[in-house]
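Here is the structure we will look at, set down as structure tokens.
Remember, it's 1-based here, ligands and their atoms both numbered in the order they're listed.
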Amino acid sequence: MNYPNLPEDCTSMLCKHLTPEVFEALKDKTTANGFTLEQAINSGVMNIDSGIGVYAGDEESYSTFAPLFDKIIEDYHGFGKEDKHQSNLNPDDLNAPNPDPDGEFIISTRIRVGRNVANLPLGPAISKEQRDLVESSVVEGLNTLEGELEGSYHPLLGMSKEVQDELIKDHFLFKEGDRFLDAVGLNRNWPEGRGIYHNKEKTFLVWVNEEDQLRIISMQMGGDIKEVFTRLVNAIKSIESKVQFSYNDHIGYITSCPTNLGTAMRASVHIAVPNLAKDMEAFKAITDKFYLQIRGIHGEHSESEGGVYDISNRRRLGITEVQAVQDMHDGVVALIEAEKALKA
Ligand code: ADP
Ligand code: ARG
């Protein structure tokens with residue numbers, strides 16, 4: 001393999017950190033699952049507009065290709081090679097009263113974590129048999145959940161286009177055909193092995209075999225962040241008692257994209273800030289201060305509609321889950337204050 005063709009004006013972390021020296025040192029390395037540098041970088045090579053541009057095929061990718069991954073992890077999370085990740089899933093440590101009790105600004109709240117099953121390759125390097133095994137064993141565990149978490153599994157295979165589109169439109173289900181995932185082989189054998197579990201109210205959901213093997217999701221209308229977090233923690237603990245997840249003391253929960261390592265948590269609100277949105281510089285000054293990311297209304301790589309944005313924590317590694325949610329809460333309080341001042 002030769003050094004890839006990366007245009008001068010490419011701004012992804014791949015383009016920034018894949019120097020010819022790093023490339024030379026890694027180009028012939030392979031993990032025990034047969035995952036190569038070429039595969040790890042293909043998404044960023046094929047999608048030059050990537051923000052990141054790399055994926056791991058297995059936990060070992062993070063050590064085998066460390067000269068590249070460590071740089072990207074440091075750049076994205078501010079997390080160094082010697083740092084240690086810490087987890088804290090105790091809702092009592094979270095100080096998050098509803099920032100919008102009158103329901104003027106926050107439409108809905110959602111918190112998700114990514115998880116992958118221990119001792120198996122991640123999605124980019126998994127075989128069809130292994131992926132199907134993940135689906136059957138995870139669903140077996142999910143089917144034993146009780147109380148608020150009790151629900152049913154809906155495989156993508158055999159789901160009608162209407163039902164699938166409706167679930168996507170209503171923000172419950174992942175999209176299909178993501179070009180970034182496509183290029184790293186995460187969409188192989190689609191739709192087999194993929195599906196969604198959810199309770200009746202759709203306040204607790206689990207995505208199976210998308211970018212990560214599990215995405216555990218808690219969501220509801222309004223701004224009660226603590227209630228959403230508490231339900232998520234209960235769900236994580238219940239599932240963890242049945243399925244062993246891939247975790248490492250240095251980088252926390254192992255995920256296929258380095259942006260999700262650590263807590264693998266993205267806590268978001270859909271929030272209407274039409275006045276603030278007229279001054280993107282002021283808007284970004286607040287989100288930057290609280291380490292937040294702005295997304296559009298249909299998730300990553302989508303646009304805002306009617307001044308409604310998806311606001312979430314940007315940092316996931318080297319901070320605890322409680323801190324990740326606290327970042328989001330505190331930033332949302334500041335955004336609402338700014339929006340109120342502009343409205344007056
Ligand atoms: P992920 O959360 O897994 O990183 P996306 O950004 O693609 O992935 O979001 C997945 C879906 O969740 C999208 O349909 C998005 O609109 C929806 N979503 C995210 N945050 C919220 C929220 N606070 N309320 C309602 N839906 C949300
Ligand atoms: N690979 C894509 C990029 O580099 C997405 C990165 C972060 N998002 C994610 N869903 N992992 O732009």
Quiz item: Other hydrophobic cluster members with L157, side-chain heavy atoms of Ile/Leu/Val/Met/Phe/Trp/Tyr under 4.5 Å, chained?
Solution: none
Quiz prompt | Atom-level proximity to ligand 1, residues with heavy atom under 4.0 Å | solution = S108, T109, R110, R112, H171, W207, R215, M219, R266, S268, V269, H270, R295, I297, H298, G299, E300, D310
Quiz item: Run the ring-ring contact (aromatic ring centres under 6.0 Å, His included) check on Y153 and Y197 step by step: do they pass?
Solution: CA-CA 4 Å; Y153 181 65; Y197 173 97; 7.5 Å; no
Self-check item: For R266, the option from E300, R215, R314, R112 that meets side chain to side chain contact (heavy atoms under 4.5 Å, CB included)
Solution: R112
Exercise. In plain terms, say whether R179 and D49 are close enough for a salt bridge, that is, a side-chain N and a carboxylate O under 4.0 Å apart.
Key: yes
Quiz item: Salt-bridged, R194 to E210, with N to O below 4.0 Å?
Solution: no
Quiz item: Near ligand 2, which residues have a heavy atom under 4.0 Å away from one of its atoms?
Solution: S50, G51, I52, G53, Y55, F180, E211, C257, T259, N260, E300
Quiz prompt | Backbone of D92 reached by a side-chain donor or acceptor of N90 within 3.5 Å | solution = yes
Quiz item: Relative to each other, are the rings of F180 and H301 parallel, tilted or perpendicular (30° and 60° limits)?
Solution: parallel
Quiz item: With no hydrogens and no angle check, do the side chains of E135 and Q213 hold a donor and an acceptor under 3.5 Å apart?
Solution: no
Exercise. Output every pair passing disulfide bond (SG atoms under 2.5 Å apart) with a member in residues 1-110, not counting sequence neighbours, ordered by first then second residue.
Key: C10-C15
